[in-house]
Protein chains: 2
Amino acid sequence: MIQVMSATESLTAPRLRRVPSRLLAQAAGQADRLISAGLAQADAHKWHYAALATLHDVGSASQADLSRRTGIYRSDMVALLNELEERAYVRRSPDPQDKRRNIISITKRGEQQLSKLDKLVNALQDELLAGLSARDREHLVDLLARLVASFSAAGAGGQ
Amino acid sequence: MIQVMSATESLTAPRLRRVPSRLLAQAAGQADRLISAGLAQADAHKWHYAALATLHDVGSASQADLSRRTGIYRSDMVALLNELEERAYVRRSPDPQDKRRNIISITKRGEQQLSKLDKLVNALQDELLAGLSARDREHLVDLLARLVASFSAAGAGGQ
DNA sequence: CTAGTTTCGTTAGTGACATAAACGTTTATG
DNA sequence: CATAAACGTTTATGTCACTAACGAAACTAG
């Protein structure tokens with residue numbers, strides 16, 4: 001999934017043109033490229049944003065906690081937090097109650113960066129959805145949220 | 001993009017929960033896993049379906065043509081067609097008009113497999129969208145199609 | 001006709017990402 | 001107290017989208 005090369009999209013076989021999973025893949029790909037490129041110009045990644053936003057909303061959390069909340073794997077969280085710590089956006093301190101845990105908290109600089117990223121991400125979402133009216137955007141978000149929710153509820157959901 | 005692990009999705013920071021690009025990534029990931037798993041049980045891949053469907057709709061095409069129409073890279077088309085040829089779903093014959101080209105055409109067996117995959121893919125899409133009403137499904141597809149279209153029209157489009 | 005550019009099929013490789021495996025440490029649980 | 005589970009971490013795997021390069025053939029221009 002994720003294909004660009006879409007200048008020639010009009011040649012797509014009609015049978016494929018409205019397949020939901022295909023449309024989702026295409027849209028997600030475009031979105032990802034757009035957001036990633038935009039965030040790169042602020043020396044950031046989507047994960048940086050996800051982690052900082054989560055930390056802001058929650059206050060502080062262990063790495064495993066953050067992992068669950070953001071959907072970023074425990075294994076990748078290590079490197080991500082290294083980067084954020086390097087830039088002094090977060091602090092890692094050992095949890096006195098549980099010596100296995102690190103307590104991750106967001107710093108002042110991290111908050112600043114977050115509000116910068118917040119604006120940037122919002123602008124990028126606007127750019128992404130530029131072709132849709134405000135009402136349509138809301139509707140789309142709504143449908144997607146319901147799709148995601150219904151899906152994790154039923155089926156192969158996360159056991 | 002593409003994260004599972006979503007049993008814990010309810011823990012997601014509210015700020016992230018309705019970010020369009022994130023929802024798209026999640027939905028696309030779920031869709032991809034579902035479709036891939038389903039097609040795997042028929043010894044197939046999404047590309048197999050895309051290629052066969054395109055061939056059926058177009059009749060026959062060169063590899064480069066197929067590549068443009070499906071969005072599968074020229075480089076990857078080689079292996080894909082090897083697989084399809086192995087299973088006798090398609091035929092590769094040299095183009096007498098242009099010795100660089102292969103003319104790819106779908107075989108009887110390919111057509112049979114296609115209609116099998118067609119049913120399977122449709123069923124899988126239904127499963128994917130199980131949480132949405134018929135009207136909502138249509139609406140979602142519509143919005144996604146418009147999003148994809150508007151996006152390739154504007155911005156960093158093809159070339 | 002010749003020289004340069006483009007297209008075709010093909011091979012090989014890169015980089016990002018999701019995900020698994022395994023490990024030592026520490027904390028719960030039976 | 002023994003066994004299981006959770007934590008942070010390192011290392012590895014497989015899948016994709018995507019690039020680079022190549023020889024062969026085909027257009028395009030001078």
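First the proteins, then the strands, lettered A, B, ... as listed; each starts at 1.
- Contact annotation: side chain of A:Ser75 to base of C:dA18, donor-acceptor pair absent below 3.5 Å.
- Comparing A:Pro96 and A:Ser36 against DNA chain C, the residue whose closest nucleotide sits nearer the 5' end is A:Ser36.
- Note on B:Arg101: every side-chain N or O is 4.0 Å or more away from OP1 and OP2 of C:dT6.
- Per the geometry, CG belonging to B:Asp76 stands 13 Å off C1' belonging to C:dT14, to the nearest Å.
- When all heavy atoms of B:Leu23 and A:Val148 are compared, the closest pair comes out as O-CG2, 4.2 Å.
- Side-chain contact of B:Arg92 with B:Asn82: a donor-acceptor pair under 3.5 Å is present, judged by distance alone.
- A donor-acceptor contact shorter than 3.5 Å is absent between the side chain of A:Arg74 and the backbone of A:Gln63.
- Side-chain proximity of A:Ala64 to D:dT10, C:dC8, D:dG8: nearest is D:dG8.
- Applying the Watson-Crick and G-U wobble criteria (two distances, each under 3.5 Å), C:dG30 pairs with D:dC1.
- Summarising the geometry, the separation between CG on B:Asp32 and C1' on D:dT15 is reported as 10 Å, rounded to the nearest angstrom.
- With hydrogens and angles ignored, no donor-acceptor pair under 3.5 angstrom links the side chain of A:Arg100 to the base of C:dT25.
- Distance alone, capped at 3.5 Å, places no donor-acceptor pair between the A:Thr12 side chain and the A:Arg17 backbone.
- Taking only side-chain atoms of A:Gln63, from C-beta outward, the nucleotide of C:dT10, D:dG8, C:dT19 with the closest atom is D:dG8.
- Phosphate proximity of D:dT9 to A:Arg92: present, with a side-chain N or O under 4.0 Å from OP1 or OP2.
- Checked against D:dA26, C:dG9, C:dA18, the side chain of B:Asn102 finds its nearest nucleotide in C:dG9.
- One can place CG of A:Leu80 at 14 Å from P of D:dT10, the figure rounded to the nearest angstrom.
- Looking only at side-chain heavy atoms (C-beta outward), B:Leu16 and A:Tyr49 come within less than 4.5 Å of each other.
- Atom pair A:Met77:CE and D:dT9:C1' shows a separation of 13 Å (rounding to whole Å applied).
- Counting only heavy atoms from C-beta on, B:Arg74 has its side chain closest to C:dG9 among C:dA22, C:dG9, C:dT7.
- Residue A:Tyr73 places none of its side-chain N or O atoms closer than 4.0 Å to OP1 or OP2 of C:dC17.
- We find that NE2 of B:His45 is positioned 5 Å from P of D:dC16, with the value rounded to whole Å.
- Rounded to whole angstrom, the span from the CG atom of A:Asp98 across to the P atom of C:dT26 amounts to 10 Å.
- C:dC8 atom P lies 12 Å from atom CZ of B:Arg69, rounded to whole Å.
- If you take CG of B:Asn82 and P of C:dT10, they are 7 Å apart, rounded to a whole angstrom.
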